[in-house]
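Numbered from 1 within each chain, the chains take letters A, B, ... in sequence-line order. Predicted, not measured: the structure shown is a model, and the values here were computed from it.
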Amino acid sequence: MSDIRVRFAPSPTGYLHVGGARTALFNWLLARKQGGTFILRIEDTDVERSTQESVDAILQGMEWLGLDWDEGPFYQSDCFPLYKEHVQKLLDAGKAYKCYCSSEILDTKREQAMKDGRKPKYDGTCRDRTDQPADAPYVVRFRAPQGGVTSFDDLIKGTITFPNDELDDLIIQRTDGTPTYNFCVVIDDAIMRITTVIRGDDHVNNTPRQVQLYEAFGFPVPQFAHVPMILGDDKTRLSKRHGATSVIAYRDMGFLPEALMNYLVRLGWSNGDDEIFSRAEMIAKFDIGNVGRSASVFNTDKLLWLNAHYIKNGDPQRLAELLVPFLVERGIDPAAGGPLLAGVVKTLQERARTMLEMADGALFYYKAPESYDEAGMAKFEKAHLQAVYGAAAEKLTEATATTSPEFDAIFKDLCTENSWKMPQVGQPIRLALSGVMQAPGIGEIVVALGKEETVRRIRKALEAVSV
RNA sequence: GUCCCCUUCGUCUAGCCCGGCCCAGGACACCGCCCUUUCACGGCGGCGACACCGGUUCAAAUCCGGUAGGGGACGCCA
């Protein structure tokens with residue numbers, strides 16, 4: 001048991017997207033590997049944009065992935081008094097000051113600076129102001145050190161140094177008295193005794209300010225690890241316009257949580273040439289130091305490949321349970337009759353890349369074909385089809401045909417007795433049973449369907465070709 | 001614009017810290033062949049990259065410098 005403490009701190013302004021999920025995963029992995037503590041904290045200081053729905057969506061996403069936390073969820077909105085108290089401390093120590101500049105003035109100054117090609121930063125108007133306008137609204141700003149540099153060692157990117165003159169006096173408390181993000185993270189991470197801050201690298205620019213805040217309070221500065229972003233296929237920041245980014249959307253598209261986890265862990269991190277990682281393996285092998293420094297592109301093809309792998313090797317019983325909602329969506333209730341779902345799943349495991357594909361492939365088991373693939377039927381003479389169906393129906397009726405070897409024997413007999421070639425028998429039967437040309441092995445289908453239903457479908461096909 | 005970061009096959013990456021084993025390895029995708037009663041699975045093979053320029057060195061993907069390109073940040077959002 002180590003005393004490493006990490007946290008995942010999403011802001012509840014939307015669902016859990018894959019980028020956030022990966023950040024959560026890396027935190028979780030580090031905690032689990034080292035026997036540390038993984039804390040979930042909801043950063044909802046922006047009351048305007050935070051919603052309960054988002055909180056629920058985030059928790060749902062984490063639960064689906066199996067990212068369990070040890071403490072929390074804590075809500076920053078519950079801690080306002082604590083932040084206030086710390087703002088006051090800084091004020092009392094002269095390390096923060098009240099600023100009466102209106103946001104309008106600030107905005108115009110910022111625009112002007114951008115236009116002039118200067119870095120837009122607070123000009124320090126109120127930094128040394130001595131008068132205290134009585135009722136004027138104000139924000140509280142941190143009195144950032146001037147001159148010199150602030151640097152920190154990043155576990156992933158190495159040492160990063162910022163000239164202090166690039167940093168301005170950031171607002172730590174808004175006009176309405178609420179604290180701002182950069183201030184809250186520091187207080188929270190310090191109070192929760194976070195030892196390692198793992199977050200997206202869009203935060204590196206915030207880090208020096210936070211370090212200064214830690215130092216102003218005399219808090220120990222945690223270690224930082226900034227993980228690179230996940231990009232869309234056009235190499236820009238992943239967003240809705242790249243398609244699905246929500247973790248739950250992947251579930252609904254028929255992805256397995258272990259596949260998404262495996263994909264995410266390999267995005268930006270690697271362990272030699274290994275591609276497949278079980279939970280236990282990723283925990284055992286994960287090393288934050290092996291995380292790459294550059295952004296990576298989200299590639300659905302590879303995710304699909306991993307998903308296929310986990311479907312192929314999954315437990316049929318569990319897959320069957322996961323498949324039910326997809327079937328119900330297609331108007332089929334496997335519990336209402338028809339072949340045993342786990343048996344159906346077995347015939348589809350090597351063919352489906354997603355549960356959605358599997359559901360589509362499973363439809364014919366529960367709904368006898370009403371029509372037959374025309375191109376497929378057209379390959380055979382009508383008389384041949386009639387002969388095959390007639391002979392097959394007769395032979396199967398006599399047989400037990402409840403196992404695959406049994407069916408194979410019948411199948412072979414049909415071929416030899418009539419001197420037919422395998423495809424001449426196989427394809428017509430496949431058509432009769434599934435209606436389509438691409439389906440699982442006929443033996444598998446027959447076993448799943450059972451003798452009676454098989455015979456029924458062949459007779460139905462016989463009728464169809466006899467009119 | 002300013003600051004910070006990044007740069008190996010189309011994509012994910014190994015190798016880089018500790019130069020030679022790398023005319024750069026694996027995986028996905030793609031192409032071909034084999035297996036096969038369909039589709040898939042699987043097997044085998046192919047295509048394909050060290051951003052660029054200079055320097056250091058007997059030797060550089062690996063070290064140093066510069067250039068270019070990309071991303072991020074610059075908010076009383078997080």
Any-strand Watson-Crick or G-U partner of [N], both distances under 3.5 Å:
N: rG48(B); value: none
N: rC63(B); value: rG55(B)
N: rC17(B); value: none
N: rA27(B); value: rU11(B)
N: rU36(B); value: none
N: rC74(B); value: rG1(B)

Presence of [X] side-chain N/O under 4.0 Å of [N] phosphate oxygens OP1/OP2:
X: K379(A); N: rU38(B); answer: no
X: K235(A); N: rU11(B); answer: yes
X: T161(A); N: rC4(B); answer: no
X: S296(A); N: rU13(B); answer: yes
X: S270(A); N: rA14(B); answer: yes

When you compare [N] with [M], how far apart are their [atom1] atoms, in angstrom units rounded to a whole number?
N: rU8(B); M: rC16(B); atom1: P; result: 16 Å
N: rG66(B); M: rA27(B); atom1: C1'; result: 35 Å
N: rA68(B); M: rG32(B); atom1: C1'; result: 39 Å
N: rU11(B); M: rC50(B); atom1: P; result: 12 Å
N: rG20(B); M: rU62(B); atom1: C1'; result: 11 Å
N: rU56(B); M: rG65(B); atom1: C1'; result: 11 Å
N: rG43(B); M: rC4(B); atom1: P; result: 49 Å
N: rA60(B); M: rC17(B); atom1: P; result: 14 Å

Options [options], nucleotide nearest the side-chain atoms of [X]:
X: K302(A); options: rU37(B), rA40(B), rA27(B); value: rA27(B)
X: R237(A); options: rG72(B), rC39(B), rC5(B); value: rG72(B)
X: E350(A); options: rC6(B), rA40(B), rA78(B); value: rA40(B)
X: I171(A); options: rC76(B), rC41(B), rC3(B); value: rC76(B)
X: R174(A); options: rC28(B), rC77(B), rG42(B); value: rC77(B)
X: D46(A); options: rA78(B), rA73(B), rU37(B); value: rA78(B)
X: R49(A); options: rC77(B), rC6(B), rA14(B); value: rC77(B)
X: I160(A); options: rG72(B), rC5(B), rC3(B); value: rC5(B)
X: R266(A); options: rG71(B), rU13(B), rA27(B); value: rU13(B)
X: D273(A); options: rU37(B), rG26(B), rC28(B); value: rG26(B)

Counting N and O atoms only, with roles assigned by atom type, does the side chain of [X] sit under 3.5 Å from a partner on the main chain of [Y], one being a donor and the other an acceptor?
X: D44(A); Y: D78(A); value: no
X: S11(A); Y: T13(A); value: no
X: R351(A); Y: T347(A); value: yes
X: K346(A); Y: E444(A); value: no
X: E166(A); Y: P163(A); value: no

*Going by ring centres under 5.5 Å and near-parallel planes (under 30°), is F162(A) stacked on rC4(B)?*
no
Regarding [X], tell me which of base, sugar-phosphate or nothing describes its non-hydrogen contacts under 4.0 Å with the strands shown.
X: G441(A); value: base
X: E275(A); value: base
X: S294(A); value: sugar-phosphate
X: H226(A); value: nothing

In whole angstrom, give the distance that lies between atom [atom1] of [X] and atom [atom2] of [N].
X: Y263(A); N: rC28(B); atom1: OH; atom2: P; value: 13 Å
X: F298(A); N: rU13(B); atom1: CZ; atom2: P; value: 12 Å
X: R209(A); N: rC74(B); atom1: CZ; atom2: P; value: 8 Å
X: L303(A); N: rA29(B); atom1: CG; atom2: P; value: 12 Å
X: I276(A); N: rU13(B); atom1: CD1; atom2: P; value: 16 Å
X: I42(A); N: rA78(B); atom1: CD1; atom2: P; value: 14 Å
X: D301(A); N: rA27(B); atom1: CG; atom2: P; value: 16 Å
X: K157(A); N: rC5(B); atom1: NZ; atom2: P; value: 9 Å

_Any non-hydrogen side-chain atom of F224(A) less than 4.5 Å from a side-chain atom of V211(A)?_
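Yes, at least one pair of side-chain atoms sits under 4.5 Å.
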*Are H86(A) and I172(A) side-chain neighbours, meaning at least one heavy-atom pair lies under 4.5 Å?*
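No, side chains not in contact.
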Is the shortest distance from a Lys or Arg side-chain nitrogen in [X] or [Y] to a carboxylate oxygen in the other one below 4.0 Å?
X: E258(A); Y: R279(A); value: no
X: R293(A); Y: D201(A); value: no
X: R330(A); Y: D360(A); value: yes

For [N], does the base pair up with any side-chain atom of [X] as donor and acceptor (N or O, under 3.5 Å, distance only)?
X: R430(A); N: rU37(B); value: yes
X: N205(A); N: rG72(B); value: yes
X: R351(A); N: rC39(B); value: yes

*Which residue lies toward the 5' end of RNA chain B, V425(A) or G268(A), if each is placed at its nearest nucleotide?*
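The residue whose closest nucleotide sits nearer the 5' end is G268(A).
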*So which one's nearest nucleotide on RNA chain B is more toward 5', D408(A) or D107(A)?*
D408(A)
*What's the base orientation of rC52(B): syn (chi within 90° of 0) or anti?*
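Anti.
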